[in-house]
Amino acid sequence: MYGKAFAPEYQGSLTTLSVNSSLVEVLAAGTEQLRAAERGGSPGEAARAGLAVAEAHRRLGQVGEADREWKASYRAARAAGDLGAMAWALWSGGTLARQRGALALAWRLLGLAADLGERGGDIVVRGYSLAGMAETGRIQGDYDAVGALHEQLLAEARKRGEARHTVWALEGIAQMHRNTGSYDSAYAMFEEAAEIAAKAEDRRGHAWALRGMADIVSVRDGNVERALELLSEAELTCREMNLVSALAYNHKMRGNVLYRAGRYEAARAMYQQALDEFREMSEPRGEGLARLGLIKSLARLGRDRAETADDLSELAGVLERIGLRHARRMVDRAREEFGLTEVLEVAL
């Protein structure tokens, strides 16, 4: 049995905020409490208020502000001698690093956060930090390394009845199943995640689960309209909660659905919109995926083969440097799709 979803990153005087609080509301309340804590000379409260501010900035795509605030939160926590608050700040910094494509830094910061969380007796931040490490490995495509960790964290979350973490783990495992072709297993897990999130009032988790379901409905069943309906439902939540990153990924997935349906002009427009959104928030993983979709759409619309080959080669290099192995393999499949492997061999 799962309880109502909660947001452990909203701490101290901000515990009244919910997992569904608007990010604009979180930013305003967090900033107010942070300034009050600084005036009152309370570094512990400043650290916890600063964490909420950092997370609001990160989720709004304001990476420079987020980077400044998580570091300030860590310094305040260290001044207060609060290991748990230090761990939460490092978790925020590691999550931001992953969002920015600095995967090695993300892994290091999240590892430090997990260690501090364990030393400080905060099992929640330890779990969130291990989850962050698992997600970092998953988006790199290193499923063998982090698959067992996802399963472990899912079991722990189920045991504690922690809905939000259960939903996260289910969605992560489902994504790995989807990427390895186990569509039925993936859909079942996305569907379970959506059901748990809905009952626990975790609107963010529910929106991500709907996106996953839409992907499977499109790629497995070819049901374009149902996939678009699911994405529209998820988009409504993203807009109401100002989830800019989730919204951009929603738009990228809408492009995928349209592309598979042969609606190449509509797909091109959607990929371009997603690409602009990812660039605005400096999210290179999403930018790479949107660029790939845009390149493929333009190729289907008659773009010169040599230009397509050049763009794919350049994108492959970018993804290789970031360390996104699964996305890099997607570029190779695109070359095969357009018969460009011979062009690549001649160039080499």
Side-chain angles (χ1 to χ4, degrees), residues 3-34 37 43-63 65-77 80 82-99 106 109-110 112-114 116-118 120-136 153 156-157 160 162-169 171 197 200-205 207-208 241-246:
K4 185 176 179 180
F6 69 100
E9 66 269 34
Y10 303 152
Q11 303 172 7
S13 58
L14 299 173
T15 54
T16 55
L17 295 172
S18 82
V19 68
N20 297 320
S21 295
S22 161
L23 294 177
V24 174
E25 175 189 353
V26 173
L27 184 57
T31 301
E32 181 181 352
Q33 291 302 318
L34 175 59
E45 181 59 28
R48 297 185 182 278
L51 171 66
V53 172
E55 281 300 285
H57 279 305
R58 181 183 68 80
R59 290 166 178 165
L60 287 166
Q62 299 163 354
V63 295
E65 294 88 340
D67 187 59
R68 182 182 66 246
E69 294 298 340
W70 83 258
K71 291 174 180 176
S73 175
Y74 179 81
R75 290 192 297 270
D82 189 331
L83 293 182
M86 290 167 65
W88 276 109
L90 288 170
W91 165 79
S92 180
T95 305
L96 176 65
R98 183 177 65 242
Q99 182 173 314
L109 291 175
L110 291 164
L112 290 170
L116 277 176
E118 185 168 7
D122 190 329
I123 61 171
V124 177
V125 72
R126 173 188 170 275
Y128 270 60
S129 300
L130 290 175
M133 295 174 72
E135 187 165 345
T136 302
L153 293 168
E156 291 179 4
R160 294 197 302 268
E162 189 177 325
R164 189 183 181 200
H165 222 62
T166 300
V167 167
W168 167 84
E171 291 172 353
E201 300 178 26
D202 176 7
R203 297 186 68 202
R204 181 185 293 112
W208 280 107
M241 295 181 62
N242 297 299
L243 302 175
V244 292
S245 179

Chi angles and distances behind the salt bridge (charged side-chain N to carboxylate O under 4.0 Å, His left out) call for R68, E65: CA-CA 5 Å; R68 182 182 66 246; E65 294 88 340; 5.7 Å; no

Side-chain heavy-atom pair [X], [Y] within 4.5 angstrom cut-off:
X	Y	value
R164	R204	yes
L27	H57	yes
E55	V26	no
Y128	T95	no
W91	L110	yes
S92	Y74	no
L130	R126	yes

What are the two closest non-hydrogen atoms of [X] and [Y], and how far apart are they?
X	Y	answer
A113	L90	CB-CB, 3.7 Å
L153	G127	CD2-O, 4.1 Å
A87	L116	CB-CB, 3.8 Å
A114	S129	N-CB, 3.5 Å
L14	G30	CD1-CA, 3.8 Å
E171	G205	OE2-O, 2.6 Å

Spacing of [X] atom [atom1] and [Y] atom [atom2] [to the nearest 0.5 Å]:
X	Y	atom1	atom2	value
S13	L34	OG	CG	10.0 Å
M86	D122	CE	CG	13.0 Å
E135	R98	CD	CZ	4.0 Å
E25	S18	CD	OG	7.5 Å

Sidechain N-carboxylate O distance under 4.0 Å for R48, E45: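 E45 and R48: not salt-bridged.
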
Any residue meeting side-chain hydrogen bond (donor to acceptor under 3.5 Å, both in side chains) with W70, in chain and number order, not counting sequence neighbours: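 Partners of W70 under the side-chain hydrogen bond (donor to acceptor under 3.5 Å, both in side chains) test: D67.
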
Measure from the side-chain N and O atoms of [X] to the backbone N and O of [Y], and report whether any donor-acceptor pair falls under 3.5 Å.
X	Y	value
R59	L23	no
D202	V19	no
S73	E69	no

Take R58 and E9, measure what salt bridge (charged side-chain N to carboxylate O under 4.0 Å, His left out) needs, and give me the verdict at the end. CA-CA 13 Å; R58 181 183 68 80; E9 66 269 34; over 6 Å; no

